[in-house]
Amino acid sequence: MGLLGILVGLGLLVCLAFRGWSVLLLAPLCALVAAAFGGEPLLANWTQTFMGSAAGFLAQFFPIFLLGALFGKLMDDSGAVAAVASFITRSVGERRVILAVVLAGALVTYGGVSLFVAFFVIVPMAQSLFRAADIPHRLVPAAVILGTSTFTMSALPGTPSIQNAIPMPFFGTTPFAAPGLGVIASIIMLGVGLWWLLRAENSARRAGEGYGKEPSSALEDAAADELVRERATTAREFDPAELRHGHHSDAKVPTLNAMLPLVVVVAVNLVMSLVVLPRLDVSFLAEQRWGGTSLTAVAGVWSVIVALAAAIVAVILCNWTRLLALRQTMDAGANASVLPALSVASLVGFGAVIASLPAFEMVRDRVLQIEGGPLVSLAIATNLLAALTGSASGGLTIALDALGGTYMELAAQAGIDPGLLHRVAVIGSGTLDILPHNGAVVSLLAICGLTHRDSYVDIVMVGIVSSVIALAGVIAMGTAFGSF
């Protein structure tokens, strides 16, 4: 009955979340359903196991949610995101429209701008470029996904995404874990994705297919759609409802002012990870008042926090005259972090209850017995959980909460560097999370005024297939040559 309860709980969570029910309600309800099937105490599972794990996730990662959303909102309201996208378009050239859209999305998200801020800026730009080049409108979502939700989320070393931060406390790694393998994986994802998009463009031209029609109010409708909001906040770290708050500047932003905060994120993250923190004396962290922890457990999160904080200061200083309603903008950015953080924390609480059930031991043993070694089983575990929850961050945290310590032990026995575990886990979480029920996919299609029938095949090719190929490559090279 215990295993049946786990399956029923997961099934309810997936089905009802896809129908737009709030994860804040679904996660504890489905966790209690699973516990009831297993004959476990319900109130103890809710208040002790569920809430304890959810609170632990918030204590560890809410600063990143908060600062990331705040930075994204400041970049959007100042006009910096649009300026960066415009600069990339001019630099790449209007003949290479697809490449321009992909690189614009990659630059702003690698620089720390929240995904949904990027969506609402990049999509109108992409539609304008695709219309002028007479490239089918249905390819816009795939181009945006490739630039914003693949290699800059999971593979590029130093990315400040929450997905790249989550493994750090479990494995004692930094945002730059396995940098060589991360770069290779990024090249594979970008190469496969661009190959598919250019192939699709050429096929459309041969068939005489042009840009087509687009709903004139799709962007505004998506921003106000509560169903889109509910799915979006589970998938990523920014509440799209807050995009309408604050004050968006119409003044032109110099390219240097727009680019500098993005550079600050990457540079400060690198310096903190490799230079500053390793030289600090933080032996006091072993005291109970600080949780009896160590630098390896907090260094990665600290690096990202400082990088985002420095970038926030930079964007304010560089765009002071364009942030006409600074308090309202900062309030909106802070508010935009709350619902996504609570949604993911609820998924983590659900996972903790499932992992505490006696029946889960059989699931865990089956996962660990998968042939191919720890890297393969870790990749499969993060893939499946991200697919089931529709959230890369939620699925990744559930997997590592349940199995992170075990994988560290197996890695030590097999001589596997923790940095390699980190990179495999993050890339794995970013593959099957782009299934049809994923909030980012649903939201992006709504913003573009398209349906799954129109664009999902192309999204699969650039978002799932490219990532799976890159993940297989990382596992193969990591097994043969170790982490580098």
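Heads up: numbering here begins at 1 and tracks the sequence.
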Closest approach of [X] to [Y] (non-hydrogen atoms, all atoms of both residues):
X    : Y    : value
P160 : V304 : O-CG1, 4.0 Å
I88  : A104 : CG2-N, 3.7 Å
S78  : N319 : CB-CB, 3.7 Å
L347 : A27  : N-CB, 4.3 Å
A118 : V108 : CB-CG2, 4.0 Å
C448 : V140 : SG-CG1, 3.9 Å

Any pair counted as salt bridge (charged side-chain N to carboxylate O under 4.0 Å, His left out), so long as it reaches residues 132-155, sequence neighbours left out: R138-E209, R138-D458
Where at least one partner belongs to residues 323-348, residue pairs that pass salt bridge (charged side-chain N to carboxylate O under 4.0 Å, His left out), sequence neighbours excluded: R327-D331
Residue pair T389 / S391, side-chain donor-acceptor N/O under 3.5 Å: no
Interatomic spacing from CG in L339 to CZ in F238 - rounded to 0.5 Å: 12.0 Å
Euclidean distance, I98 CD1 relative to L129 CG, rounded to 0.5 Å: 11.0 Å
Donor-acceptor pairs are to be reported for all side-chain atoms of residues 257-276 against protein atoms at under 3.5 Å, with residues two or more places apart or in another chain.
residue, atom, partner, partner atom, Å
N257, ND2, C318, O, 2.6
N269, ND2, G158, O, 2.9
S273, OG, N269, O, 2.8
S273, OG, S303, OG, 3.2

Non-hydrogen side-chain atoms of F484 and I184 separated by less than 4.5 Å: yes
Side chain to side chain contact (heavy atoms under 4.5 Å, CB included) between F151 and I427, worked out: CA-CA 8 Å; F151 59 97; I427 296 175; over 6 Å; no
Check whether any side-chain N or O of [X] sits under 3.5 Å from a backbone N or O of [Y] as a donor-acceptor pair, and report yes or no.
X    : Y    : result
N202 : L198 : yes
T382 : A379 : yes
N438 : D433 : yes
R423 : F176 : no
R199 : W195 : no
T152 : Y110 : no
S337 : A334 : yes
N164 : P175 : yes

Under the side chain to side chain contact (heavy atoms under 4.5 Å, CB included) test, residues paired with D401 that sit two or more places apart: S53, F170, V348, T397
Summary of side chain to side chain donor-acceptor pair (under 3.5 Å) pairs that have at least one residue in residues 111-121, sequence neighbours excluded: none
Residue pairs passing the side chain to side chain donor-acceptor pair (under 3.5 Å) test where at least one lies in residues 165-175, sequence neighbours excluded: T173-H422
Partner set under ring-ring contact (aromatic ring centres under 6.0 Å, His included) for Y211, not counting sequence neighbours: H137
With sequence neighbours excluded, residues passing side chain to side chain donor-acceptor pair (under 3.5 Å) with T293: none
Partners meeting side chain to side chain donor-acceptor pair (under 3.5 Å) with E201 (sequence neighbours left out): R205
R131: salt bridge (Lys or Arg N to Asp or Glu O under 4.0 Å) partners, not counting sequence neighbours: E214
With D77 via salt bridge (Lys or Arg N to Asp or Glu O under 4.0 Å) - residues at least two apart: K73
Parallel, tilted or perpendicular, as decided by the 30° and 60° cut-offs, for the rings of F119 and F116: perpendicular
Full working for side chain to side chain contact (heavy atoms under 4.5 Å, CB included) between N335 and D239: CA-CA 8 Å; N335 292 338; D239 183 350; over 6 Å; no
Pairs involving residues 443-466, ordered by first then second residue, that meet ring pair (Phe, Tyr, Trp, His ring centres under 6.0 Å) (sequence neighbours left out): H452-Y456
